[in-house]
Amino acid sequence: MSKRTLFVPIIDSYQGKYLNFPDIEQTILEDIAEVTLYKVSCAEDLAGKIDEADVIISWHTIPLQKEILSRLKQCRGIVRAAVGFDNIDIKFAGQKGIPVCNVPDYGTEEVADHTLALTLALIRKLPYIDQYVRHEKWDWSAIGSVPRIRGMKFGIVGFGRIGSAVAKRAQAFGFNVAFFDPYVPSGVEKAHGITRYETLHELIESSKVITIHTLLSEETYHLIGRPEFDLMTPETILINTSRGETLDQEVLIESLTRGKIGYVGLDVLADEPKIPEELKNSDRTILSAHSAFYADESLKELRRKAAQSARKFLLDQKERSLVNECFLNFK
């Protein structure tokens with residue numbers, strides 16, 4: 001009796017367009033598994049296609065919730081090809097005995113660079129002056145008031161891999177860097193030579209630039225809501241390269257429209273790819289289509305590391321980046 005070929009489906013969406021052909025994944029897995037790419041519009045399109053999966057590689061947009069996960073017959077693991085994993089019901093997967101991992105370290109440099117690019121562009125009013133010049137005018141004073149960067153308080157919400165990489169870059173520009181993160185150990189602030197705030201509100205009240213670097217979870221959903229926006233000022237610059245729903249987008253739009261906050265740089269939105277007209281038409285926003293992660297090298301790195309994690313699951317090897325270990329129930 002011949003040995004069954006292991007099966008690794010890769011789930012992508014027509015909206016995401018991350019993969020056209022799974023060549024990198026096949027190179028890493030072809031000696032032990034068959035790799036198949038499914039481009040679908042919604043989770044229902046997966047019915048009957050991935051039930052026999054041994055490991056799943058999941059890209060953005062398509063949710064893997066209880067209805068889909070309950071049909072999996074022999075899945076050894078799910079790899080979320082990203083840092084965030086909010087599209088997967090990790091608790092139910094754990095209860096079913098399926099470990100879920102992410103790829104937490106890819107693209108750290110790109111997201112950190114993108115965060116600083118948005119920040120600098122808004123402080124220096126580059127979108128505005130660019131449009132001014134393109135209308136055949138050349139007058140530096142049209143840019144209006146511009147603050148000096150050196151010494152400006154730069155507040156980071158979430159001090160993990162990306163948050164700390166952002167801090168390093170912000171320090172190089174002369175920002176006075178601070179952070180809020182109740183989950184990092186004491187002394188991290190001393191190692192980085194920055195200020196730590198014990199509450200989110202203290203950080204917001206003290207910072208001119210506020211940048212978000214948290215995963216999306218029940219705890220961080222609308223982490224920045226009306227009470228937080230009410231602490232901001234017309235000089236506040238708000239940057240989000242994490243997940244759109246970490247901000248209350250309705251309150252954000254209201255605060256921006258009323259002039260309660262100054263400028264906003266958004267790489268992510270609450271209901272991508274829908275773009276609210278108020279954000280699209282404002283001259284105090286920069287929108288960047290969830291591209292902060294992207295560089296030619298980072299996308300290849302992500303695909304390679306996701307496939308390597310899938311290989312570990314197939315070979316019953318230890319995976320360091322589990323996100324549902326506390327829910328796992330092996331039977």
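Shown here for Leu279 and Leu269, the closest heavy-atom pair between the two residues is CD1-CD2, 3.9 Å. Scanning both residues, Ala142 and Tyr132, for their nearest heavy atoms gives CB-CZ, 3.4 Å. Shown here for Pro22 and Ile10, the closest heavy-atom pair between the two residues is CB-CD1, 3.8 Å. The heavy-atom pair separating Gly158 from Ile156 by the smallest distance is O-CG2, 3.3 Å. The minimum heavy-atom distance linking Lys260 with Asp230 is given by the pair NZ-O, 3.1 Å. Closest heavy-atom contact between Thr108 and Arg161: CG2-O, 3.7 Å.
The number of heavy-atom neighbours closer than 6.0 Å to CD of Gln65, taken from other residues, nucleotides and ligands shown, is above 12. Shown here is Phe173, whose CZ atom has no more than 12 heavy atoms of other residues, nucleotides or ligands within 6.0 Å. Atom CD of Gln74 has more than 12 neighbouring heavy atoms from other residues, nucleotides or ligands inside a 6.0 Å radius.
The list of side-chain hydrogen bond (donor to acceptor under 3.5 Å, both in side chains) pairs with a residue in residues 267-276, not counting sequence neighbours, reads Asp267-Ser288, Glu272-His290. Listed by first then second residue, pairs satisfying salt bridge (Lys or Arg N to Asp or Glu O under 4.0 Å) with a partner in residues 46-74 read Arg4-Asp54, Asp51-Arg71, Glu52-Lys73, not counting sequence neighbours.
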* Stepwise side chain to side chain contact (heavy atoms under 4.5 Å, CB included) check, Val100 with Leu64 -> CA-CA 11 Å; Val100 180; Leu64 296 182; over 6 Å; no
* Kindly indicate, with the supporting measurements, whether the criterion side chain to side chain contact (heavy atoms under 4.5 Å, CB included) is fulfilled by Val111 and Val83. => CA-CA 11 Å; Val111 179; Val83 176; over 6 Å; no
* Verdict with supporting geometry, Asp181 and Val188, side chain to side chain contact (heavy atoms under 4.5 Å, CB included) -> CA-CA 10 Å; Asp181 190 327; Val188 168; over 6 Å; no
* Kindly indicate, with the supporting measurements, whether the criterion side chain to side chain contact (heavy atoms under 4.5 Å, CB included) is fulfilled by Thr246 and Ile224. => CA-CA 6 Å; Thr246 58; Ile224 309 296; 5.9 Å; no
* To do: Test Lys280 against Glu277 for salt bridge (charged side-chain N to carboxylate O under 4.0 Å, His left out), laying out the working first.
  => CA-CA 5 Å; Lys280 186 188 300 184; Glu277 291 298 317; 3.3 Å; yes
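Here Leu216 is tied into one hydrophobic group with Tyr221, each link being a pair of ILVMFWY side chains closer than 4.5 Å. Grouped with Trp140 in a hydrophobic cluster is no other residue, since no side-chain heavy-atom contact under 4.5 Å to another Ile, Leu, Val, Met, Phe, Trp or Tyr is found.
Legend: residues meeting side chain to side chain donor-acceptor pair (under 3.5 Å) with Asp316, ordered by chain and number and at least two apart, are absent. Not counting sequence neighbours, the partners of Lys153 by the side chain to side chain donor-acceptor pair (under 3.5 Å) test are Tyr197.
We find the CD1-CZ distance between Ile57 and Arg303 to be 9.5 Å, quoted to the nearest 0.5 Å. Put simply, OG1 on Thr27 and CZ on Arg304 are 12.0 Å apart, with the number rounded to the nearest 0.5 Å. Here Glu278 contributes atom CD and Leu256 contributes atom CG; the two are 9.5 Å apart, rounded to the nearest 0.5 Å. Expressed to the nearest 0.5 Å, how far CG of Asp283 lies from NZ of Lys125 amounts to 9.5 Å. Atom CG of Leu69 sits about 7.0 Å away from atom CD1 of Ile56, to the nearest 0.5 Å. Summarising the geometry, atom CD belonging to Glu319 is positioned 5.5 Å from atom CZ belonging to Phe313; distances are rounded to the nearest 0.5 Å.
Of the charged side-chain nitrogens involved, none lies within less than 4.0 Å of a carboxylate oxygen, so that Lys96 and Asp89 do not count as a salt-bridged pair.
The backbone N or O of Trp59 sits nowhere less than 3.5 Å from a side-chain atom of Asp12 that would complete a donor-acceptor pair.
The shortest distance between side-chain heavy atoms of Val55 and Leu29 does not fall below 4.5 Å. Under the 4.5 Å side-chain criterion, counting only non-hydrogen atoms from C-beta, Ile50 is in contact with Ile68. Taking the side chain as every heavy atom from C-beta outward, Leu238 and Phe229 approach each other to under 4.5 Å. Residues Thr119 and Phe175 have side chains in contact (heavy-atom distance under 4.5 Å, counting atoms from C-beta outward). Proximity of Phe85 to Ile78: side-chain heavy atoms (C-beta onward) are nowhere separated by under 4.5 Å.
Defined by atom type and a distance below 3.5 Å, a donor-acceptor pair is missing between the side-chain atoms of Glu245 and His222. Looking only at atom types and distance, the side chain of Tyr294 has a donor-acceptor partner in the side chain of Asp296 under 3.5 Å away.
If you look at His192 and Phe179, their ring centroids are not closer than 6.0 Å.
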